[in-house]
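What follows is a short report on a single structure.
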4 protein chains.
Amino acid sequence: MPLRDDTSPPQPPAPMRPARPTRVASAAARATLREEPARPARTNDPERTMAEILAAATQEFAAKGLDGARIDAIADATRTSKRMIYYYFGSKEKLYRTVLEEAYRRMRETEAGLHLADQPPEAALARLVDFTFEHHWQNQDYIRLVMTENILRGEYLAQSRIIQKLNVPAIAAIRELYERGVADGVFRAGLDALDLHASISALCFFNVSNQHTFDLIFKRDGSTPRALAARRASIVDMILRHVRA
Amino acid sequence: MPLRDDTSPPQPPAPMRPARPTRVASAAARATLREEPARPARTNDPERTMAEILAAATQEFAAKGLDGARIDAIADATRTSKRMIYYYFGSKEKLYRTVLEEAYRRMRETEAGLHLADQPPEAALARLVDFTFEHHWQNQDYIRLVMTENILRGEYLAQSRIIQKLNVPAIAAIRELYERGVADGVFRAGLDALDLHASISALCFFNVSNQHTFDLIFKRDGSTPRALAARRASIVDMILRHVRA
Amino acid sequence: MPLRDDTSPPQPPAPMRPARPTRVASAAARATLREEPARPARTNDPERTMAEILAAATQEFAAKGLDGARIDAIADATRTSKRMIYYYFGSKEKLYRTVLEEAYRRMRETEAGLHLADQPPEAALARLVDFTFEHHWQNQDYIRLVMTENILRGEYLAQSRIIQKLNVPAIAAIRELYERGVADGVFRAGLDALDLHASISALCFFNVSNQHTFDLIFKRDGSTPRALAARRASIVDMILRHVRA
Amino acid sequence: MPLRDDTSPPQPPAPMRPARPTRVASAAARATLREEPARPARTNDPERTMAEILAAATQEFAAKGLDGARIDAIADATRTSKRMIYYYFGSKEKLYRTVLEEAYRRMRETEAGLHLADQPPEAALARLVDFTFEHHWQNQDYIRLVMTENILRGEYLAQSRIIQKLNVPAIAAIRELYERGVADGVFRAGLDALDLHASISALCFFNVSNQHTFDLIFKRDGSTPRALAARRASIVDMILRHVRA
DNA sequence: CATGAATGAGGCTTCATTCAT
DNA sequence: CATGAATGAAGCCTCATTCAT
């Protein structure tokens with residue numbers, strides 16, 4: 001996850017409502033053609049099949065939320081059938097939970113890759129904010145899954161045993177960084193690491209999550225490289241001013 | 001719109017299925033009609049009927065999002081029938097759009113009630129942030145509607161002609177306030193009012209929107225008066241440090 | 001009811017599905033405008049109101065059939081409200097029956113206006129066929145009502161007392177005409193007047209009733225003046241050859 | 001497709017709600033599964049399921065038209081559920097279109113079975129008219145579907161790609177037949193084959209399509225073998241006189 | 001006479017899920 | 001493992017009709 005100097009365009013937002021082709025066509029066609037068409041062939045590789053389903057499901061749930069997502073749409077985006085989804089994941093809700101877990105897991109993994117201890121506190125904090133801003137912008141699916149989960153009041157996250165274990169490092173890294181800064185005399189004392197984390201998250205998250213309504217209301221385009229760079233710089237600056245001694 | 005010194009407990013998150021309110025007392029008029037069965041009581045007051053539907057719909061859409069909401073649930077929370085929803089609003093999506101428009105309209109109206117020009121810039125800005133934080137926390141339905149609309153990529157907000165007119169004042173007030181501060185020498189120059197607004201919004205919005213996942217992951221309760229007060233103070237401080245000369 | 005030499009274009013087929021404007025607009029508008037708009041004013045003329053309703057209903061039933069017709073659409077095409085339809089006609093079905101009766105009555109009246117006895121048999125028969133062809137083409141609403149009624153297997157016509165009385169003249173006129181021709185030696189004997197009437201009706205009716213499928217299948221346009229004139233001439237010729245001695 | 005000398009009684013007009021056929025005898029296969037509840041018996045034979053739906057839909061649409069038809073009624077006349085109709089046909093309108101296409105296809109197939117080239121022109125023409133008369137009387141469902149489609153102004157036929165290809169033979173056969181007759185000197189020259197086809201169709205179609213109103217108005221029963229034979233003879237005669245040299 | 005508001009019943013359609021092979 | 005066929009429950013929406021004023 002390299003940290004680029006310029007904000008490159010994000011993943012293209014998935015098209016709104018991909019019309020699922022009616023069954024009629026194929027059924028009617030078969031009636032006349034009288035032979036089974038070339039199906040994508042079975043995988044026979046459970047790992048891969050599951051991964052494929054998860055990828056498709058991630059996209060669909062991120063695009064439409066839990067209630068808006070369609071099992072059919074997920075199946076159609078896969079080389080397997082709807083039956084496999086139930087075979088491997090049991091239900092729509094369990095699939096959603098797995099998608100959510102995977103998204104969080106990947107995020108934490110990424111965070112762990114940041115080596116903030118290598119740099120002086122101020123540079124490390126700048127890098128952290130910068131990275132978070134970029135990461136959120138590049139991973140809009142993740143952001144949207146978190147939005148969805150909050151619409152659901154955290155119902156499924158609460159059910160997940162897995163997640164509640166791999167999240168400590170994130171806050172620990174920030175705390176360590178902050179305390180190092182205080183010790184060095186570059187950061188002022190008395191701040192709460194969790195509060196700091198909340199601020200960084202809020203600023204970076206909102207930039208993705210609320211982009212549509214914000215842009216519409218203020219009739220602007222916040223997704224241009226220039227706008228993103230300006231916003232990112234502003235956020236980094238704000239956080240640094242906030243903690244600086 | 002008094003600004004309290006302490007953060008009072010927020011509106012209780014609406015119960016999933018708000019219990020239908022017990023029959024209103026004004027049923028005394030019924031006394032003339034002997035032995036009428038327990039029918040829902042015909043309002044014949046369109047204004048009220050529409051308002052009642054809108055209120056129920058606001059709750060339901062805020063609670064579940066557009067796709068999760070159920071027209072039946074909305075009707076059940078009303079003294080009218082499902083049929084009337086279609087009589088007045090035409091479709092689920094049009095009802096949702098109206099709910100969204102009303103929510104934005106109320107929010108803007110509230111903002112207009114703030115008289116920031118009466119105070120010195122720094123106090124006015126503090127008041128603005130403070131107010132925004134409080135207002136968002138007190139109006140979680142509004143926040144959730146905006147979240148839902150962003151999940152829908154602003155599809156319905158984009159359709160609304162009404163909304164795109166009453167939102168200029170918000171940013172104008174901030175700009176005026178900021179420029180006054182610069183002129184007074186208390187704010188540093190070179191900042192963008194819209195960027196400032198984005199920061200305030202992000203910090204206050206996230207505090208409501210992401211509370212569930214945030215609390216779950218960090219195993220804390222951010223909704224206690226103490227936690228809210230601390231967070232609010234931190235945000236006010238951060239914004240002030242950001243703009244101070 | 002002049003008999004033209006050339007086939008003029010028929011009444012324009014009513015547009016397929018006139019979208020009834022949703023109520024929302026007006027209801028929402030009222031909420032802001034706060035005063036009743038200028039309504040078309042009440043007629044206070046029952047005769048005229050009924051006639052207006054019947055006219056609108058004739059169009060709607062002819063355009064869509066009994067089941068396809070919408071009471072709302074009829075009301076909207078009138079200066080009165082839906083309530084008046086029920087006030088004057090009791091139900092959709094009774095309204096339909098009345099429309100049907102009126103259509104038949106007008107048709108018979110028209111037929112009675114033909115003075116076939118004034119001319120020699122062959123010319124009179126030619127005129128009759130010619131007239132029927134024209135009349136059917138010019139009164140497509142009537143044709144479509146008869147089609148609809150046949151789809152309903154004559155259910156409503158069977159209920160109508162009124163109709164079963166004014167229809168004898170039609171066949172009587174043909175019979176008289178035919179017998180005059182036989183007496184004159186220009187028509188061959190042994191034919192049945194009702195059978196003759198059936199043939200004339202069939203040829204002229206089909207030209208209107210089946211125009212859409214016929215034109216589509218044979219990729220032609222049977223509604224041009226040229227095509228109509230040719231078809232009319234062919235039918236007249238066929239009938240005359242059929243009866244000529 | 002034998003050509004009978006006498007007009008046999010037609011198919012009984014389908015009962016409004018065709019009673020669901022008593023469970024088929026082949027339920028013997030059930031013997032292995034002990035104590036299964038009375039479920040509709042899962043076919044798992046798509047070909048058959050589709051065919052069954054189409055058959056029921058043909059009846060229903062022919063009986064009531066597009067708007068009058070009920071999806072529930074169609075489902076009830078089938079061993080499958082309403083859900084399967086949507087599984088295979090997507091929507092009521094698509095089902096209707098398919099029914100229409102199938103009806104036309106069967107009709108054209110039947111026509112193709114007539115070997116008019118084997119006989120001398122006059123006999124062949126007589127046979128053609130005779131056959132058409134019989135065929136229309138025997139296939140009232142087809143007639144009624146065409147009536148319905150004309151009430152809809154050919155909206156669905158226009159959408160069908162399939163149909164517009166298999167209908168040329170019909171008119172080609174007549175043209176060939178007519179030209180043979182002209183060459184033989186038994187038919188007069190100068191007629192248009194399409195016009196001739198229109199006349200035959202009109203006379204035979206009307207005999208079915210308008211039977212209800214016609215019989216009611218003239219207080220007769222045109223469906224007796226005697227009446228049908230007389231009418232058929234009259235039509236054959238009329239067409240032959242029309243073309244004879 | 002006239003009107004806008006209101007309604008119950010029923011229509012079409014969709015969805016997550018399971019069964020038979 | 002995998003698939004196409006099948007399904008019950010429920011969702012949104014419409015319609016003819018009636019009520020209160």
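By convention in this document, chain letters (A, B, ...) are assigned in the order of the sequence lines, proteins followed by strands, and residues within each chain are numbered from 1.
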If I take atom [atom1] from residue [X] and atom [atom2] from residue [Y], how far apart are they, to the nearest 0.5 angstrom?
{"X": "A:Glu52", "Y": "A:Ile74", "atom1": "CD", "atom2": "CD1", "value": "13.0 Å"}
{"X": "D:Phe89", "Y": "D:Ile71", "atom1": "CZ", "atom2": "CD1", "value": "10.5 Å"}
{"X": "C:Tyr87", "Y": "C:Thr49", "atom1": "OH", "atom2": "OG1", "value": "10.5 Å"}
{"X": "D:Asp67", "Y": "D:Ile151", "atom1": "CG", "atom2": "CD1", "value": "10.0 Å"}

Expressed in angstrom and rounded to an integer, what is the separation of [X] atom [atom1] from [N] atom [atom2]?
{"X": "B:Glu47", "N": "E:dA5", "atom1": "CD", "atom2": "P", "value": "9 Å"}
{"X": "D:Met50", "N": "F:dA6", "atom1": "CE", "atom2": "C1'", "value": "14 Å"}
{"X": "A:Arg79", "N": "F:dC1", "atom1": "CZ", "atom2": "C1'", "value": "15 Å"}
{"X": "C:Tyr86", "N": "E:dA6", "atom1": "OH", "atom2": "C1'", "value": "14 Å"}
{"X": "D:Tyr88", "N": "F:dT7", "atom1": "OH", "atom2": "C1'", "value": "12 Å"}
{"X": "C:Phe89", "N": "F:dT18", "atom1": "CZ", "atom2": "P", "value": "16 Å"}
{"X": "D:Arg48", "N": "F:dA6", "atom1": "CZ", "atom2": "C1'", "value": "14 Å"}
{"X": "C:Asp67", "N": "E:dC12", "atom1": "CG", "atom2": "C1'", "value": "15 Å"}

If you check every side-chain atom of [X], which of [options] has the closest atom?
{"X": "C:Met84", "options": "E:dA6, F:dC13, E:dT3", "value": "E:dT3"}
{"X": "B:Lys82", "options": "F:dA16, F:dT18, F:dC12", "value": "F:dC12"}
{"X": "A:Arg83", "options": "E:dT18, E:dA16, E:dG4", "value": "E:dT18"}
{"X": "A:Lys92", "options": "F:dC12, E:dA5, E:dT17", "value": "E:dT17"}

Exercise. Can you give the dot-bracket line for DNA chain F, where a pair is Watson-Crick or G-U wobble with both atom distances under 3.5 Å, crossing pairs use [ ], and | marks a partner on another strand?
Worked result: .||||||||||||||||||||

For this session: Could you pull out all residues at least two apart from A:Phe61 that satisfy ring-ring contact (aromatic ring centres under 6.0 Å, His included)?
Result: A:Tyr96

Determine: side-chain N/O of [X] to OP1/OP2 of [N], distance under 4.0 Å, yes or no.
{"X": "C:Arg70", "N": "F:dA16", "result": "yes"}
{"X": "B:Tyr87", "N": "F:dT14", "result": "no"}
{"X": "B:Thr49", "N": "E:dA6", "result": "yes"}

For this session: Pick the C1' atom in E:dC1 and in F:dT21, then give their distance to the nearest Å.
Result: 13 Å

Exercise. Closer to the 5' end of DNA chain F via nearest nucleotide, is it D:Ser81 or B:Ala69?
Worked result: D:Ser81

For this session: May I ask you to say whether C:Lys64 pairs ionically with C:Glu60, meaning some side-chain N is under 4.0 Å from a carboxylate O?
Result: yes

Problem set entry | Minimal non-hydrogen separation, B:Ala62 against B:Leu145, with atom names | N-CD2, 3.8 Å

